[in-house]
Peer 1: 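Below are the structure tokens for one structure; questions will follow.
Numbers for residues simply follow the sequence, beginning at 1.
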Amino acid sequence: MKAVWYERTGPAQEVLTHGEMPTPVAGPGEVRVRLEASGVNPADVGRRGGSYRAMEYPRVIPNSDGAGIIDQIGDGVTRLKPGQRVWLFNGQRNGRAFGTAAEYIALSEHLVTPLPDHLSFAAGATLGIPAMTAWTCLFGDGPIVGKTVLVTGGAGAVGHYAVQLAKWGGAQVIATVSSPAKAEQARLAGADLVINYKTEDVIAKAMAFTGQRGLDRVVEVDFGGNIDTTLKLMGMNSTIAVYATNGNRAPVVPMRDLMEKCIAVRALVLFALPPPLLAAAQADITKWLAAGRRLHNVAAQFALSDTALAHLAVEKGDKLGTVVVDCAVNRKTGRA
């Protein structure tokens, strides 16, 4: 099969190689997916660049999300069958070296979910880690019906799904953004209040929206960078769900402030969450996809041979949505 890989960390155009690798075979409990699209996450770019940790394996096929068609099942697989259109997450995680920047991937069936017929493979590749992370941040501590939720970075890959899922879950949603274009994306996703944190007073506007009661839940893209503001917004017995903290990776946490309002901090990374919680997320996302029109932002698409350019597009930091790699080589991809 055609694939892209790296054997040392560093700049994308220096370390990523496009070539031939053996086609994987589905083992016990696994399915093999003929990939049509691969989603590129910031974590994929960070791992390849070396900012996360040293090389975990001698050779790594990057990217963890994707979509395609099951073409082989291993012994013991009962939930899925050949010919099904699917989306997947954590392809290059959980002890796996080979991700989705390839024509095929074989992985555990619990990481694979049926893709509705009306969605393109490119849209399916935007689900994965962003949608699963958004769901866990929102619902990992129970229902959100009638709650007020703040989604920081409401136009980002995770944030855009978090706004949509929160509205579906019955919450009032505030989204913070950094530009008029991102504000429009957050509004299209269904946010009840959108605040440009660069030009507006986040605390005044959010507290006025809640009648000074404060927030019930925050989906936090930068815990360390936002903590001073976030703590002023929290209501009693509220939760901050943290999935990133790149602005300050070693923040000082004022525990007394958390204690006095009984604020829970849920720190999470998707590959470490318990399987039952992940299964609940997949089931709910399936229901959500079936319940109405959803927005799936594909920021840009690149050929498999141009995966390095896809990584560079993510590194630029100005994308709206998920950068997608088209994995099919000489094959028609996706559906309208």
Peer 1: Checking N63 side chain against D65 main chain: does a donor-acceptor pair fall under 3.5 Å?
Peer 2: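 A pair under 3.5 Å: no.
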Peer 1: Main chain of A106, side chain of R96: is a donor-acceptor contact present, judged purely on distance under 3.5 Å?
Peer 2: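 Flag set: sc R96 to bb A106 pair under 3.5 Å.
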Peer 1: Using a 3.5 Å distance criterion without hydrogens, assess whether the side chain of D201 forms a donor-acceptor pair with backbone atoms of A204.
Peer 2: yes
Peer 1: May I ask you to say whether E56 pairs ionically with R47, meaning some side-chain N is under 4.0 Å from a carboxylate O?
Peer 2: yes
Peer 1: Of the non-hydrogen atoms in R217 and L138, which two are nearest, and what is the gap between them?
Peer 2: NH1-O, 2.5 Å
Peer 1: Compute whether any side-chain donor of one residue and acceptor of the other, for S64 and N90, lie under 3.5 angstrom apart.
Peer 2: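 No, because no side-chain N or O of S64 sits under 3.5 Å from a partner of the opposite role on N90.
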Peer 1: For the residue pair K2 and L304, establish whether any side-chain heavy-atom pair is separated by less than 4.5 Å.
Peer 2: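 They are in contact (side-chain heavy atoms under 4.5 Å apart), so the answer is yes.
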Peer 1: Taking only residues two or more places apart in sequence or in another chain, which ones pass side chain to side chain donor-acceptor pair (under 3.5 Å) with R294?
Peer 2: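 Once residues adjacent in sequence are excluded, R294 has no partner under the side chain to side chain donor-acceptor pair (under 3.5 Å) criterion.
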Peer 1: Output yes when E109 and K81 qualify as a salt bridge under the 4.0 Å nitrogen-oxygen rule, no when they do not.
Peer 2: no
Peer 1: Tell me the salt bridge (Lys or Arg N to Asp or Glu O under 4.0 Å) pairs involving residues 258-271, sequence neighbours left out?
Peer 2: D141-R266, R256-E260
Peer 1: Would you check if V219 and T152 make a side-chain contact, meaning some heavy-atom pair closer than 4.5 Å?
Peer 2: no
Peer 1: Examine R34 relative to Y104 and say whether NZ or CZ is less than 6.0 Å from the centre of the six-membered ring and inside a 45° cone about the ring axis.
Peer 2: no
Peer 1: Do E30 side-chain atoms and G27 backbone N/O form a donor-acceptor pair below 3.5 Å?
Peer 2: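 Yes, E30 side chain to G27 backbone: donor-acceptor pair under 3.5 Å.
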Peer 1: Could you pull out the closest heavy-atom pair between A12 and R48, with the gap in Å?
Peer 2: N-NH1, 3.2 Å
Peer 1: According to side chain to side chain donor-acceptor pair (under 3.5 Å), does anything in residues 3-14 pair up with another residue at least two apart or in another chain? List the pairs.
Peer 2: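 The answer is E7-R59.
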Peer 1: Could you tell me whether D318 and K182 make a salt bridge, using a distance below 4.0 angstrom between a side-chain N and a carboxylate O?
Peer 2: no
